[in-house]
Protein chains: 2
Amino acid sequence: MAHRGNHTGLHVEIRSISNDRSVQFRAARVEAMPPCLYGKAMSIATTESPWGSTPRKHRSKFQLKRDAVLEAAAALFRQRGYEGASLNELADILNITKPTIYYYVESKDRLLLDIKIQVQEQILTFMKATVAGPGTALEKLRAIMIRYAEFMMSDYGTCLSLIANREIGEKGRIEVETRIEEANQILYRLLDQGKREGSMVVPDRVVACHGLFGSLNWMSQWAKPDGRLPPDKLIPMHVDILLSGVAAPTARAPDKPKRRRS
Amino acid sequence: MAHRGNHTGLHVEIRSISNDRSVQFRAARVEAMPPCLYGKAMSIATTESPWGSTPRKHRSKFQLKRDAVLEAAAALFRQRGYEGASLNELADILNITKPTIYYYVESKDRLLLDIKIQVQEQILTFMKATVAGPGTALEKLRAIMIRYAEFMMSDYGTCLSLIANREIGEKGRIEVETRIEEANQILYRLLDQGKREGSMVVPDRVVACHGLFGSLNWMSQWAKPDGRLPPDKLIPMHVDILLSGVAAPTARAPDKPKRRRS
DNA sequence: CCTACCGATCGGTAGG
DNA sequence: CCTACCGATCGGTAGG
C-alpha cells in the first residue's frame, strides 16, 4: 500500500489554445457540418494511417480539443471542487453538450485522473532532470520545491491536492499513488544526500518530506496568483521559509550536527 | 473579505460517550417509545426551562446525543469527505434514521459548520492562553503549533482542512473566516514579537504563517495516529522541522540578521 | 464504415 | 424518533 500523503505536482505550460475555450468548439461544430467527410478523415487519423500529412493534422485536432476539455475541467475543479463540479457546467463552459465530453474522456473519474497523471508526469520529469544535474542536494531540493509550488498555483496543479485519492476509483488510485511513491523515493534520496553532504539537517526524511511538500500542497488554498505578492516573489520566499525555518539560528545551533562526510 | 487560507484548528477531548456510538441511540430509541412525552421533554429542555433539575438532565442528554452526532459526522467526513458522506450512512452508523439527524442539526452544512466552529473555539482559547503565558515568542509559537497539530490528527480537527470554506453557505463561511482572521492576527503578532526579540527570522509574517500552518493543515492527509511514529514523537519532530527548516545553519547564516531589539 | 456530435432520457440518490 | 415521500440534479448512455 503506497503512502497516502503526496507531494507530487506538475507544471502545466500555458497552452496556445487561447483562453476563450468556446472558440475551439464553435469551430469544431462548423467543421463537423459535412459529417461524413470530416468523420472519415478523423477515423483514418486516429488509427495508424498509411497516408500523408493530413491525417496527422486531424489527430492533433482531437488532441487539442481533448486538452481543452482537461484544461477547462481543471479550472472548474479548482473553483467548485471535484464533487461540486458538474459535467453539465463543464459542457456549458465549452459550448458543447455533456455527451460530447464523453467523446473525449471516458468518465468524470477518469477526467480527474488524466489531469492528475499529466501533472505528475511533468513534475516527475522535472525532478529527475534536476536530480541528475549539478548542484548541492539543498540547491536541487530548492529548485524542485520552487517548480512544484509553481505547479500548485496553476489550475492543473491544484487538482493534485484538491481531491483525496480515495475518491478516484481503485485502479486509478494505484496509478496516482505509484507516481507519488516514485516522487517520494527521489526526494528521500535527495534528503539523504543532503544529510551526507552537510547541506541539510534531516532528523527524519519521511517527516521532512511530508512537512515541506505538505505546505506546498496547501498553497492552492490561500495563495492567489493576483495576491499582494506576485508568484515570482511569493514562491521563493515561501520555499526559503520552509527550508530555513523561522527559528533564529542561535536558538538551535548548539545541538545541531554541522556536517558528516560519507 | 477574510483570508481564504486558514490555520485554525481545535483539539477535541476524548468524549465519555464511548466508542460504540450505537449504544447511545439504542437506549434513546427505547426512551422514545412514548413519542409525545419524550418529544415534549426534549422540547422543554432545549428552550429555557423554569423547572427544576429534571429538564437539565434532559438537556444534557440532548447535548450528549447531539455531540455523538457531531462526533460520528466528523469521523465520517474524515473518511469520505464532506460531499462523499451521506446522511443516510451517518444515520446507519448511529443506528437511527436520517430524519432523526435533523432533530439535532438543522442541515448538513450546519453540521459541518458546528464541528468547525467548535474546533476553532478550542484552538483560539488555547492560543490566547499561550500568548498570555510566559516564554519567548518562539516557544509560544512552538506550543501553539504542537497543540494545533494534535487537533489536526483528530476527527474534529480534520474537518477544518477537509472542506473548503466556499462549500459552506455564505453566512456560515463568515462565521468560520472571522475566527480564522482572529487566529491569524494572534499569530502575526507572535511572529512580529519573535522578530523583535530575535528569537525568529521572519521575512514576511503572512507567508510564514501560511507556510507553517499550511503544513499542519495538510498533516491529516498523511499522518496516521497508528503510523510508524506515534503522534507524540511525530508531532514535535514535524513542528521542529518547520521551525528550523532542513537547510544546514551554515548554508544561510551569512545573510541572516541576528537580532533587532526594539 | 467512420467521426463528431445532438436531444432526450436512463436508473439512482442527494438533502430535506 | 420513524415511514413515506418531494423537487432537483447527479453521472452516464440510448438511438439517430
Side-chain angles (χ1 to χ4, degrees), chain A residues 24-49 54-55 57-59 61-66 68-69 73 76 80-92 94-112 167-169, chain B residues 24-43 46 58 61-62 65-66 68-69 73 80-92 94-112 167-169:
Chain A
Q24 194 64 233
F25 279 91
R26 287 221 185 88
R29 219 176 245 183
V30 173
E31 287 165 350
M33 280 305 184
C36 294
L37 180 62
Y38 187 68
K40 189 72 177 294
M42 290 292 278
S43 161
I44 292 171
T46 50
T47 60
E48 56 283 357
S49 162
T54 345
K57 195 173 130 206
H58 282 144
R59 169 165 170 76
K61 207 172 282 185
F62 176 87
Q63 281 294 340
L64 278 174
K65 289 181 184 176
R66 190 184 131 86
V69 171
L76 194 63
R80 304 231 186 273
Y82 176 67
E83 314 262 13
S86 84
L87 295 186
N88 273 322
E89 183 174 4
L90 177 59
D92 282 349
L94 290 163
N95 278 103
I96 55 176
T97 60
K98 192 170 56 173
T100 305
I101 293 175
Y102 282 86
Y103 180 71
Y104 294 102
V105 295
E106 82 177 44
S107 69
K108 193 189 183 188
D109 276 11
R110 189 75 217 184
L111 178 56
L112 170 64
E167 297 182 32
I168 326 172
Chain B
Q24 192 65 234
F25 279 92
R26 286 220 187 87
R29 217 175 248 182
V30 173
E31 288 166 346
M33 279 306 182
C36 294
L37 182 62
Y38 187 69
K40 189 70 178 298
M42 294 289 280
S43 158
T46 50
H58 281 145
K61 208 172 283 184
F62 176 86
K65 290 181 185 176
R66 188 184 132 87
V69 172
R80 302 232 187 274
Y82 176 67
E83 314 263 13
S86 83
L87 294 185
N88 273 322
E89 184 175 1
L90 177 60
D92 282 348
L94 290 163
N95 280 103
I96 55 176
T97 59
K98 190 170 59 172
T100 305
I101 294 175
Y102 280 86
Y103 179 72
Y104 294 101
V105 294
E106 80 175 47
S107 70
K108 194 189 184 190
D109 276 11
R110 189 73 217 185
L111 178 54
L112 170 63
E167 297 181 34
I168 325 171

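Chain A is the first sequence line, chain B the second, and so forth, proteins listed ahead of strands; every chain is numbered from 1. All of these numbers come straight from a predicted model, not from anything done at the bench.
- Straight-line distance between the P atoms of C:dG12 and D:dA8: roughly 22 Å, to the nearest whole Å.
- Between the C1' atom of C:dT3 and the CG atom of A:L64 lies a distance of 17 Å, rounded to the nearest Å.
- B:A85 comes within 4.0 angstrom of sugar-phosphate atoms only, judged by non-hydrogen atoms across all strands, and of no base.
- For the pair B:L111 and B:Y82, the minimum side-chain heavy-atom distance is 4.5 Å or more.
- One interatomic measurement links the two molecules: CZ of B:R110 to C1' of C:dG15, which rounds to 17 Å at whole-angstrom precision.
- Dashed line: the shortest gap from a side-chain N or O of A:T97 to OP1 or OP2 of C:dC5 is not under 4.0 Å.
- Between A:E89 atom CD and D:dC10 atom C1' the separation is 13 Å, expressed in whole Å.
- Dashed line: the shortest gap from a side-chain N or O of A:K65 to OP1 or OP2 of C:dC5 is under 4.0 Å.
- B:Y102 has a side-chain polar atom (N or O) that falls below the 4.0 Å cut-off from OP1 or OP2 of C:dG16.
- In this structure, the side chain of B:R110 does not engage the main chain of B:V105 through any donor-acceptor pair within 3.5 Å.
- Between A:S107 and the phosphate of D:dG11, there is no side-chain N or O to OP1/OP2 separation shorter than 4.0 Å.
- Atom pair A:E83:CD and C:dG15:C1' shows a separation of 14 Å (rounding to whole Å applied).
- With rounding to whole Å, A:I101 atom CD1 is found 10 Å from D:dG12 atom P.
- Side-chain contact between B:K98 and B:N88: present, with at least one pair of heavy atoms (C-beta onward) separated by less than 4.5 Å.
- Nearest to the side chain of A:K108, among D:dC1, C:dT3, D:dG12, sits D:dG12.
- For the pair B:L111 CG and C:dG15 C1', the interatomic distance rounds to 12 Å; values are reported in whole Å.
- The shortest heavy-atom contact between A:Y104 and A:K65 is OH-CD, 3.2 Å.
- Checking D:dC2, D:dC1, D:dG12 against the side-chain heavy atoms of B:P99 singles out D:dC2 as nearest.
- For D:dC1, the OP1/OP2 oxygens have a side-chain nitrogen or oxygen of B:Y104 closer than 4.0 Å.
- The listed nucleotides are C:dC6, C:dT3, C:dG16; the one nearest the side chain of B:K98 is C:dG16.
- Distance A:N88 CG to C:dA8 P: 14 Å, rounded to the nearest Å.
- Side-chain atoms of A:T100 lie closest to C:dC5 of the nucleotides D:dC2, D:dC10, C:dC5.
- Between the C1' atom of D:dT9 and the CG atom of A:D92 lies a distance of 14 Å, rounded to the nearest Å.
- Under the 4.5 Å side-chain criterion, counting only non-hydrogen atoms from C-beta, B:T100 is not in contact with B:L94.
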